[in-house]
Amino acid sequence: MSKPVIVSGIQPTGLLHIGNYLGALKNWVDLQNSGKYDCFFFLADYHSITENYSPAEKKEQIFNLVCDYLASGLDPKKSTIFVQSQIPECTELAWIFNTLTPIGELERMTQFKDKSNKQVKNINAGLLTYPILQAADILIYHGEFVPVGQDQVQHLELAHDTVKWFNNKYATEYFKDVKPLLTETPKIMSLIESTAKMSKSAGAKHYIGIDESPEIIAQKISKAVTTPEGIKNLETIYNVFNSSMQGKFDANKMAETKKIIATGIADYFDDFRKKKMELMKDKKRVMKILEEGKAKAQPIAQKTLKEVKEIIGLI
Ligand code: ADP
Ligand code: TRP
């Protein structure tokens, strides 16, 4: 019996923060190591070009993100790790899904509305059809479970609907349902705006990057707001990263508690920082992992696309 398939991706857009780690990446590593799933983890570069970006930086961002994946514990022997744009069959499947998706369903997506407000001069069609490509990312590998943070759940509902639309229109049961897998910490909040989620795009003061130095971590945590939501968020962070050896969380002594939290985070990622530095020096090895990932992913994508074309009457 084949194992259930897990698919997820992150956009190569900037440094990863502890929200990305606790909502997605840490879970990917745990799911991979459980041995219960066939795992596909990719870098969503096609999604990332829907935002304003500098072409000169994109390759570096891709390299940096794959080093994050590997240093966190994703293992090319256990998971298929690859770059989205290297599998063009996926974008072809997205075209087919375009013809099934009502525009209204895309226009009501929270992320589309947020990003349209953020980049008013660049409300491109890719920003609107973004969740269609996301559905194709998953379904081309017959993904059943998708480990992501809370903010992606609405997109996965659209992937779930895509399965329904496809299977109904073509009177088939070809695609299986898609379900999100959330962690216990699916929404880490910004350090200085405790009602907004921690996000790469809001600015460096809002987040803790997973490869930031202990000094920067201490500085950023010391400036974290201590509104009731802010304290709750810090306690969530403390509960994941601090061992009992590092002292107690005390909401009445936040200055002291913040130092404990900062040490906890810095210690937790100590090994990660070292591994990442090693990987960054070995570009050849890292690029080879991506080539091998492509070689594993592509035949599956080709098979799915061929079967879909048969079902929809093109071949
Ligand atoms: P960002 O909003 O920082 O640009 P991405 O959209 O690239 O992050 O998200 C990558 C992954 O991390 C997704 O699975 C997303 O749901 C998850 N994620 C992002 N921000 C958070 C957060 N603050 N808390 C938990 N998970 C998050
Ligand atoms: N939209 C996701 C994000 O911003 C990234 C992504 C693209 C993704 N395709 C996916 C996540 C497929 C899960 C499955 O984080």
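We count ligands from 1, going down the list as the structure has it; atoms in each ligand are counted the same way. Numbers for residues simply follow the sequence, beginning at 1.
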Exercise for review: Look at atom 12 (O) of ligand 1 and say which protein heavy atom is nearest, naming residue and atom and giving the distance to 0.1 Å.
Suggested key: N20 ND2, 3.1 Å

Practice item. Please write down residue, atom name and distance for the protein heavy atom closest to atom 14 (O) of ligand 1. Key: G149 N, 3.2 Å

Review point. Under a 4.0 Å heavy-atom cut-off, which residues neighbour ligand 2?
Key: S8, G9, Q11, F42, A44, H47, Y130, Q134, D137, I138, V146, V148, Q152

Review point. Looking only at N/O atoms, are D151 and ligand 1 under 3.5 Å apart anywhere?
Key: yes

Point to revise | Which of the ligand 1 atoms, numbered from 1, are nearer than 4.0 Å to a heavy atom of Q152 | key: 16 (O)

Review point. Do any nitrogen or oxygen atoms of V148 lie less than 3.5 angstrom from nitrogen or oxygen atoms of ligand 1?
Key: no

Check your understanding: Is the charged tip of K200 near the ring of Y207: under 6.0 Å from the six-membered ring centre and within 45° of its axis?
Key -> no

Point to revise | Proximity to ligand 1 by part of K187, non-hydrogen separation under 4.0 Å | key: backbone

Check your understanding: atom 27 (C) of ligand 1: which protein heavy atom is closest, and how many Å away?
Key -> G19 O, 3.4 Å

Point to revise | Straight-line distance of I300 CD1 to L305 CG, nearest 0.5 Å | key: 13.5 Å

Exercise for review: Record the part of P147 in heavy-atom contact with ligand 1 below 4.0 Å; permitted values are side chain, backbone, both and neither.
Suggested key: neither

Check your understanding: Given D137 and Q84, is the side-chain hydrogen bond (donor to acceptor under 3.5 Å, both in side chains) satisfied, shown in steps?
Key -> CA-CA 8 Å; D137 287 331; Q84 180 188 38; 3.0 Å; yes

**Study point:** Rounded distance [0.5 Å steps], CG in L43 versus CD1 in I62
**Key:** 7.0 Å

Exercise for review: Starting from atom 7 (O) of ligand 1, find the nearest protein heavy-atom neighbour and note its residue, name and distance.
Suggested key: K200 NZ, 3.0 Å

Review point. Which bit of S199 gets closer than 4.0 Å to ligand 1, counting heavy atoms only: side chain, backbone, both or neither?
Key: both

Review point. Looking only at distance, does Q11 have an N or O less than 3.5 Å from an N or O of ligand 1?
Key: no

**Study point:** Sole candidate of V163, T162, V146 that passes side-chain contact (heavy atoms from CB on, under 4.5 Å) when paired with I138
**Key:** V146

Exercise for review: Could you tell me whether the side chain of K223 reaches within less than 4.5 Å of the side chain of K205, counting heavy atoms only?
Suggested key: no

Exercise for review: To the nearest 0.5 angstrom, please state how far the CD1 atom of I217 sits from the CD atom of E215.
Suggested key: 9.0 Å

Revision key, fill the gap. Among non-hydrogen protein atoms, atom 2 (O) of ligand 1 lies closest to K197 NZ, 2.5 Å

Point to revise | Closest protein heavy atom to atom 24 (N) of ligand 1, given as residue, atom name and distance to 0.1 Å | key: I188 N, 2.9 Å

Review point. If you measure from NE2 on H206 to OG on S201, what distance do you get to the nearest 0.5 Å?
Key: 9.0 Å

Review point. When the ring planes of F175 and H142 are compared, do they come out parallel, tilted or perpendicular, using 30° and 60° as the limits?
Key: tilted

Check your understanding: How are the rings of F272 and F269 set to each other: parallel, tilted or perpendicular (split at 30° and 60°)?
Key -> perpendicular

Exercise for review: With Y141 as reference, evaluate F82, Y37, F41 under the ring pair (Phe, Tyr, Trp, His ring centres under 6.0 Å) test and give the passing residue.
Suggested key: F82

Check your understanding: If we only count N/O pairs under 3.5 Å, is S201 in contact with ligand 1?
Key -> no

Review point. Once you round to the nearest 0.5 Å, how far does OG1 of T236 lie from CZ of F241?
Key: 11.0 Å

Practice item. With side-chain hydrogen bond (donor to acceptor under 3.5 Å, both in side chains) as the test, would you mind laying out the steps for Q86 and Q298 before giving the verdict? Key: CA-CA 8 Å; Q86 292 182 6; Q298 195 157 32; over 6 Å; no

Study note, to complete from the structure: Honestly, for M189 the part within reach of ligand 1 (heavy atoms, under 4.0 Å) is neither

